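All of these numbers come straight from a predicted model, not from anything done at the bench. Below, all heavy atoms of this structure are taken into account, side chains as well, without hydrogens, waters or symmetry copies.
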Amino acid sequence: MMMMCLGSWVAVVVCCCCCLLMGGVDGSAVRGGGTTTTANYYVDVRGSDDGDGSQAHPFRTVQRAQAAARSAAKSGGVNVYLNNGTFFLNSTLVFTPQDSGLSASQPIVYQSTSKTNPAQLTSAVEITGWKKVGNTTLGHIWEAPLPAGVDFFHQLWINGRRQHVARQPTRAYEKATPNSVIFKPGQLTAVPHNLDDAYVVLYESWTASLHQIASIDMDTRNITLKTTYNNKWSGSAAGSRYYLASIVEALPTPGYFYVDRHARTVSLCTNNKTDPNAEKVVAATQIELIRVQGNATAGQFVRNIHFRNLDIRYSAVDVSTCFSSSCDAQSADFLTTATIHITGGDDGSWCYSLCSHDAVVAEGCGVLAQLVAHTIIQHNLIFNFSYGVFNSSLTQSHVADVGAGGVRVGVGMTDIGLSLLSDMGCVYTLGKQPGTQVINNICHTVYTYNYGGWGLYTDEGSSYIQLRDNIVFHTKCAGVHQHYGTDNTFSNNILAEVNTLTCDAAIRSSQHPGNCTAAAPDGACSSFTFDTNIVYVRDYDVFDATIPTGFQNMTFDNNTYWKGDKTPIVFPEKKTFKQWKAEGKDVHSVIADPQFVDGTHNDWSRFNSNSPALKLGFKPINISQVGPVALDSPLLFDHHEHVRRFVDEGALHHIIVW
């Protein structure tokens, strides 16, 4: 199955909208390519499904156009043009192998007719009839009836501004067991109204879990949970943090809302300037908007479909579907949470998009690729996530293999971690992945709650992966961290001013004794090649290893190392540079200033002509192709200015940012 989730709980908790900007309406299958199209269909909100889909008599629904395209694709390529307008989806658009295009050169392309005013696909229903029912020191409380057919929701927007489920501030509890939480005195003054709607969010190390509440004993300050909490990681790594959500008592905060399913009303707290009757208030109804679903086991793939220049927004969250498992979908053995989830896919692509996290709960990475091959994920800007941006996981061992093909990743990544979770990186890989390439990425501003916060993170068993032409800077911990794995290659990368909180070093190996096989538990089972890279640090270590011999099986050469304070660099096992070279490591490498033109302003792509790194064969990294290049806007290093630019020019580029 290849699934691009834009609405299931595993997706929408981290992204309320993605704009797919994948070219124009020139009929080409891929950017810059050409194809012969044998059929054109048009869809218009004023059309009719009884029409023939022509420009003069367009269809009314995307589903009707999908059926026509399925038939026409048997003899050639197909363009499905969506005219400007809002297309309401009362069910998920599902694309199966029967919806595949004829060939790579004759695909089915779903696209907006207009380059500058894209069609919108949405599951949002409008909420009207607001009445002011109270005032707070910061604003007003409003109430409205739930729309017909809508019983509960976790997603609400006012004119595109996300509102949040009413919740307590994050606090530290006194004690937690697998079945209960004891809160500190004063943190809760009464049992919340409608306790069956409330839930507890409990932080762990690299995840957070949601729990329905069985009961609250105010005398003992004990919250009894309906499902088990993994309190193994609840202490120092997670900070004993928790909060109660979906409680009306927390409502008097502007930007919060509360749904009372018993009274069939929704309450909303706004600031003094907001009148919901004068603005458009919507709630999402569909958990998934688009699903591309094949069957990898049976060799039935969805191929040759392109989604281009579409505004896809407002998908729903239904945490009730995962309460039985504590909604703990980010654990290592059950990793499913992501904005874009691609699993079991072949010949897929996700390009020219911009995704932002605005958390309902804390889990979720930007792009999750599992058991995929020949998949391209590039020209995206993904930011503001409480977990990593790109997670690629196949199998957590040295034994299994999925064959060649792999995944190619090239995106802009910024503001990752948000100091909420731990153990993460911009790019996270797990297991053997022959053919996977992590190329031409910019990764910066990665900060965790506790440990971790790396740039390029090859976790347990990661093998046969190429990571090159990447720029990593301003990470809390190492720019490169390999837990253990074999035959990975890091080449032509820049690690600049990483490890800003000096939690490890610029490069870390955390191979532990016993990571290898039962026959050789302490052998040199971890390996990578680190060649033609630049490591530019201020005043901290370049190398860090869990065991002294953690870098023994690694290959280093042609690298440029530099410490801003000009103190000696200590190489693994406390060796000098001369001793390190004598072991055949970094034989041609140098310790020298790489001479960036303007590293002070985080411009790591330009060098003075006499740079020693260039003399060693380093190739300057072309950043013009990072991010959604279809917008003719290069990725700016100042993320916030970059976002402001997209927002301010939204009428031109139609990038939606929340």
Side-chain angles (χ1 to χ4, degrees), residues 4 6 16-49 51-66 68-69 72 77-89 93 95 101 107-124 126 157 159-160 280 282 289-290 305-315 349-356 379-381 627-633 645-658:
M4 291 178 254
L6 290 155
C16 63
C17 110
C18 281
C19 287
L20 283 64
L21 295 172
M22 304 177 68
V25 294
D26 56 2
S28 60
V30 292
R31 195 167 184 257
T35 181
T36 302
T37 301
T38 60
N40 292 313
Y41 294 106
Y42 292 83
V43 189
D44 194 287
V45 293
R46 296 156 296 184
S48 170
D49 284 350
D52 58 9
S54 64
Q55 197 164 8
H57 301 94
F59 296 132
R60 170 65 181 84
T61 66
V62 181
Q63 291 90 334
R64 177 65 183 88
Q66 178 187 10
V78 181
N79 274 335
V80 176
Y81 294 107
L82 279 67
N83 293 336
N84 173 247
T86 300
F87 295 87
F88 177 75
L89 301 178
L93 276 175
F95 295 86
I108 300 176
V109 183
Y110 291 84
Q111 58 194 309
S112 294
T113 306
S114 170
K115 290 183 179 181
T116 59
N117 203 7
Q120 182 185 124
L121 302 178
T122 183
S123 72
E126 190 168 2
W157 293 265
N159 276 9
K280 190 170 184 177
V282 298
L289 296 186
I290 294 178
I305 297 181
H306 299 262
F307 302 92
R308 306 168 62 181
N309 196 34
L310 299 173
D311 176 357
I312 304 174
R313 66 168 84 182
Y314 301 142
S315 47
S349 65
W350 191 275
C351 308
Y352 312 125
S353 70
L354 186 149
C355 294
S356 169
H379 301 310
N380 303 294
L381 174 60
V629 297
L631 307 178
D632 299 321
S633 299
R645 178 176 179 183
F646 279 116
V647 172
D648 293 343
E649 300 181 3
L652 172 64
H653 292 313
H654 290 277
I655 289 297
I656 291 84
V657 181
W658 281 286

Worksheet item: Under the side chain to side chain contact (heavy atoms under 4.5 Å, CB included) test, which residues partner R64, sequence neighbours left out?
Response: D49, F59, T61, A67, A68
Worksheet item: What are the two closest non-hydrogen atoms of V43 and A65, and how far apart are they?
Response: CG2-CB, 3.5 Å
Discussion item. Nearest 0.5 angstrom please: Y110 OH to L121 CG, how far?
Written reply: 11.0 Å
Worksheet item: Would you say S112 and N117 make side-chain contact, with heavy atoms under 4.5 Å?
Response: no
Item to complete: Tell me, please, which residues at least two apart from Y42 pass ring-ring contact (aromatic ring centres under 6.0 Å, His included).
Response: Y81
Worksheet entry | For A69 against I108, the heavy-atom pair lying closest together | O-CD1, 4.0 Å
Item to complete: Without swapping roles, check the side chain of S48 against the backbone of R60 for a donor-acceptor pair under 3.5 Å.
Response: no
Worksheet entry | Spacing of CD belonging to Q63 relative to CG belonging to L89, to within rounding of 0.5 Å | 6.0 Å
Worksheet item: Angle class for the F307/F95 ring planes (parallel below 30°, perpendicular above 60°, tilted otherwise)?
Response: perpendicular
Fill in: Reported CD1-to-CD1 distance for the pair I290 and I305, which is rounded to 0.5 angstrom
10.0 Å
Worksheet item: Mind checking what makes side chain to side chain contact (heavy atoms under 4.5 Å, CB included) contact with T86, not counting sequence neighbours?
Response: Q120, T122
Worksheet item: Looking only at heavy atoms, what is the nearest atom pair of D44 and P58, with distance?
Response: CB-CG, 3.6 Å
Practice prompt. Return the minimal non-hydrogen interatomic distance between N309 and S114, and the atom names on each side.
Written response: ND2-O, 2.8 Å
Discussion item. Holding to side-chain hydrogen bond (donor to acceptor under 3.5 Å, both in side chains), I want the full list of residues that pass it with S54, two or more places apart in sequence or in another chain.
Written reply: D52
Discussion item. Let me confirm one number: the CG-CG distance from D311 to L82, rounded to the nearest 0.5 Å.
Written reply: 11.5 Å
Worksheet entry | Exercise: identify the closest heavy-atom pair between R308 and V109 | CD-CG1, 3.2 Å
Worksheet item: Which atom pair, heavy atoms only, marks the closest approach of Q111 to N79?
Response: NE2-OD1, 3.0 Å
